[in-house]
Amino acid sequence: MKARLRRPAALLAGSLIPLSLLIGPPASAAPAAPVTDAFTRAAATYEVPRDLLVTLAYAETHLDGHDGAPSASGGYGVMHLVSNPTTHTLERAATLTGQPLPALKADDAANITGGAAVLRAYADELGLDATARKDPGKWYTAVARYGNATSPEVARLYADTVYDLLTTGVRAATPDGESVTVAAQAVQPDRGDYAKARDLDRTFAAAAVDYPSAHWAPANSGNYAVSSRPSGDAIDRIVIHVTQGSYAGTISWFQNPAAQVSAHYVVRSSDGDVTQMVREKNRAFHAGSYNRRSVGIEHEGYVDNASWFTDAMYRSSAALTRNIADRYGIPKDRAHIVGHNQVPGTDHTDPGPNWNWTKYMQFVTGNSGGGGTNPHTAQSVCGSGYTVIDSAALGTAGTVHLLYNSANGNNCVATIKKSSLGTATATTAYLEVQGKTRVTDSGAFTYYAGPVRAAAAGKCVKWGGKAGSSAYNSPFEHCG
């Protein structure tokens, strides 16, 4: 409801009104920045680092509150305050702030205040004192809890995403065109017990995944049906979805028994990272009447916000779709690769009008037969914050890359294939920090080996890899 305009007291007294009150602020006044101001106020009120608060919101929603509409897991607003059968951060925000639920759902400023209050409550429960609260790195465990993950691995994935963004910086536009920024900064996250949680690494996935480039994070057993496809039911469709939520949030939701939904794969917006959650032989609950006959691929983002649909996501998903289609003999056309909105009887609209089908299908069909361009890069494999500092050609079969992350002192090695793309061939990447055991990722991979990461600040490293018949092995080097 709009507030009623009040007459200035000066008019009631018969006095003259300054011209500035009649015509408003001068043309040179700074544009309104309600979201930026809301982050600043909420951060100050609850003593949460402002840049961390913005970065968390960007990771969740790209600063889009979607006019109060919920995400797939029941999250509302810029800060994704959740209300579902197992998680009630929306209600907790109402208790902490005194704000009514409708405002927390739909009003950006109220929602940001609620998110800051919940994050601060987690910090208090963890015992962060005033000094610790000034260090963004000390909030890692609180951030991990904010993601409402159902496993330590996914909680770490969620928090690492936020801290990777904090390291690289954020520049985003709200739906109203307001620019919100966070400068890139070096932050050392204090992972606490989450340091023991493994990455969603393909080393643990080799026996589980159908797509060798995917990580493995199994959905809750109640969210899919055990089956024996394709012998039991033929697989002749691939269904494209949009998550209506974040990558880590979607993985966590599919692991929640309250969800009663799942998909076979989830693809990340920023770099095309792929996680498999249901074996292709089993029926994921993703597409109603098409569940028996299809493989479902979820894509991080929201249908009404095109900023989520990156080139890296399109390329990575297309490589996955091409691989599935080749294995099951599915024609690579729009009759067999369909949107969720095309499934008979559905009321879903994803992937929506912002999904570029022309571009996507060009990537699906243009690289068929094992040729074309690898959709993955060393940076996308190793993750945000890593920069290539050295590389070596492996004949015409690929290139092995050494990368470094100045924010955390870690090195990473990835071998990126150039030939036999989409076909599983022997590929290796390894990294050895002087004085420590060598870590190797070796197997039959379709696009790359790695990432192999290790803390190497102040140390020399030996690195290398193999693709096809070519190998590279470095001496100990890049010391310091």
Side-chain angles (χ1 to χ4, degrees), residues 201-203 205-206 209-215 238 265 267-268 271-274 276 280 297 310-332 337 359-383 386-403 411-431 438-453 462-474:
D201 196 293
R202 286 186 296 108
T203 303
V209 298
D210 297 292
Y211 182 59
S213 296
H215 311 297
I238 299 169
Y265 296 95
V267 183
R268 186 159 59 191
D271 56 6
D273 196 54
V274 178
Q276 183 170 2
E280 291 172 12
I297 305 175
T310 64
D311 190 73
M313 172 184 276
Y314 281 124
R315 289 180 180 275
S316 176
S317 174
L320 169 60
T321 289
R322 188 168 57 250
N323 178 276
I324 296 168
D326 286 343
R327 285 189 283 111
Y328 295 105
I330 302 171
K332 300 183 185 74
I337 301 169
K359 180 178 190 176
Y360 186 70
M361 294 305 296
Q362 285 175 344
F363 287 147
V364 170
T365 60
N367 294 338
S368 59
T373 303
N374 195 321
H376 304 277
T377 66
Q379 289 92 336
S380 70
V381 170
C382 286
Y386 285 89
T387 302
V388 174
I389 59 173
D390 206 345
S391 62
L394 303 172
T396 60
T399 303
V400 58
H401 303 266
L402 175 68
L403 300 87
N411 281 108
C412 179
V413 176
T415 298
I416 308 298
K417 292 172 57 176
K418 289 185 177 179
S419 63
S420 300
L421 299 178
T423 301
T425 59
T427 314
T428 300
Y430 75 82
L431 175 61
R438 177 178 295 187
V439 180
T440 303
D441 184 30
S442 182
F445 301 133
T446 51
Y447 292 97
Y448 60 85
V452 180
R453 305 185 188 92
K462 184 181 289 187
W463 58 283
K466 182 177 181 181
S469 60
S470 298
Y472 174 77
N473 300 283
S474 82

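Note that the numbering runs from 1 along the sequence shown for the chain. Just so it is clear, the values below take in all heavy atoms, side chains as well, and ignore hydrogens, waters and symmetry mates. The structure presented is a predicted model; accordingly, all values stated were derived computationally and were not measured.
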**Student:** If I compare all heavy atoms of Cys412 with all of Pro451, which pair ends up nearest, and what's the gap?
**Tutor:**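 Distance-wise, the nearest heavy atoms are SG-CB, 3.6 Å.
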**Student:** Please report the shortest heavy-atom distance between Val267 and Ser317, naming the atom on each side.
**Tutor:**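 Where Val267 meets Ser317 most closely, the heavy atoms are CG2-CB, 4.4 Å.
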**Student:** So, do Asp210 and Tyr265 sit near enough that their side-chain heavy atoms are less than 4.5 Å apart?
**Tutor:**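 Side-chain contact under 4.5 Å: yes.
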**Student:** For the residue pair Lys332 and Met361, what are the closest heavy atoms and their distance?
**Tutor:**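 The answer is O-CE, 3.8 Å.
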**Student:** Backbone N or O of Tyr430 within a donor-acceptor pair of the Thr440 side chain at under 3.5 Å?
**Tutor:** no
**Student:** If you take all heavy atoms of Lys462 and Arg438, which pair is closest and at what distance?
**Tutor:**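 Minimum heavy-atom contact is CD-NH2, 3.5 Å.
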**Student:** Taking atom CG of Leu431 and atom CG of Leu402, what is their separation to the nearest 0.5 Å?
**Tutor:**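 Between Leu431 CG and Leu402 CG, I get 7.0 Å after rounding to 0.5 Å.
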**Student:** Are any side-chain N or O atoms of Ser442 and backbone N or O atoms of Thr428, one a donor and one an acceptor, separated by less than 3.5 Å?
**Tutor:**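 The answer is no, because no donor-acceptor pair under 3.5 Å joins these two groups.
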**Student:** Quick one: does any side-chain atom of Asn473 pair with a main-chain N or O of Gly464 as donor and acceptor, under 3.5 Å?
**Tutor:**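 Not a single qualifying donor-acceptor pair exists.
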**Student:** So do the side chains of Thr399 and Lys418 get within less than 4.5 Å of each other, counting heavy atoms only?
**Tutor:**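 In short, these two side chains touch, coming nearer than 4.5 Å.
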**Student:** Rounded at 0.5 Å granularity, tell me how far CG in Asp271 sits from CZ in Arg315.
**Tutor:** 14.5 Å
**Student:** Listed by chain and number, what are the side-chain contact (heavy atoms from CB on, under 4.5 Å) partners of Thr377, not counting sequence neighbours?
**Tutor:**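 Thr377 satisfies side-chain contact (heavy atoms from CB on, under 4.5 Å) with Gln379, Ser380 once adjacent residues are dropped.
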**Student:** A side-chain contact here means heavy atoms from C-beta on lying under 4.5 Å apart; do Ile324 and Ile297 qualify?
**Tutor:** yes
**Student:** Can you list everything that forms a side chain to side chain donor-acceptor pair (under 3.5 Å) with Thr387? Sequence neighbours excluded, please.
**Tutor:**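 Result, side chain to side chain donor-acceptor pair (under 3.5 Å) vs Thr387: none returned.
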**Student:** Out of curiosity, Asn411 CG to Arg453 CZ, how far, rounded to the nearest 0.5 Å?
**Tutor:**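 Going from CG on Asn411 over to CZ on Arg453, the span is 12.0 Å.
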**Student:** For Ala414, give me all partners under side-chain contact (heavy atoms from CB on, under 4.5 Å), at least two apart in sequence or on another chain.
**Tutor:**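 Ala414: side-chain contact (heavy atoms from CB on, under 4.5 Å) contacts with Val381, Cys382, Ile416.
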**Student:** Just verifying a value: how many Å separate His215 NE2 and Gln276 CD, rounded to the nearest 0.5 Å?
**Tutor:**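 One gets 12.0 Å once the value is rounded to the nearest 0.5 Å.
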**Student:** So do the side chains of Val413 and Val400 get within less than 4.5 Å of each other, counting heavy atoms only?
**Tutor:** yes
**Student:** Name all residues meeting the side-chain contact (heavy atoms from CB on, under 4.5 Å) criterion together with Thr425; count only those two or more places apart in sequence or in a different chain, and write none if there are none.
**Tutor:**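 Thr425 satisfies side-chain contact (heavy atoms from CB on, under 4.5 Å) with Lys417, Ser420, Thr423, Thr427 once adjacent residues are dropped.
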**Student:** Where do Ala429 and Thr415 come nearest, in terms of heavy atoms and distance?
**Tutor:** CB-OG1, 3.6 Å
**Student:** Can you label the angle between the Tyr314 ring and the Tyr360 ring as parallel, tilted or perpendicular, going by 30° and 60°?
**Tutor:** tilted
**Student:** Nearest 0.5 Å please: distance from the OG atom of Ser391 over to the OH atom of Tyr472.
**Tutor:**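 So the OG of Ser391 and the OH of Tyr472 are separated by 9.0 Å.
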**Student:** Not counting sequence neighbours, which residues clear ring-ring contact (aromatic ring centres under 6.0 Å, His included) with His401? List them please.
**Tutor:**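 Scan of His401 (ring-ring contact (aromatic ring centres under 6.0 Å, His included), adjacent residues dropped) gives none.
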**Student:** Over all heavy atoms of both residues, which pair between Ile238 and Ala325 is shortest? Give the atoms and the distance, please.
**Tutor:** CD1-N, 4.0 Å
**Student:** Considering residues at least two apart in sequence or located in another chain, which fulfil the side-chain contact (heavy atoms from CB on, under 4.5 Å) criterion with Thr446?
**Tutor:**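 Per chain and number, Thr446 pairs via side-chain contact (heavy atoms from CB on, under 4.5 Å) with Tyr211, Pro212, Ser213, Asn323, Ala424.
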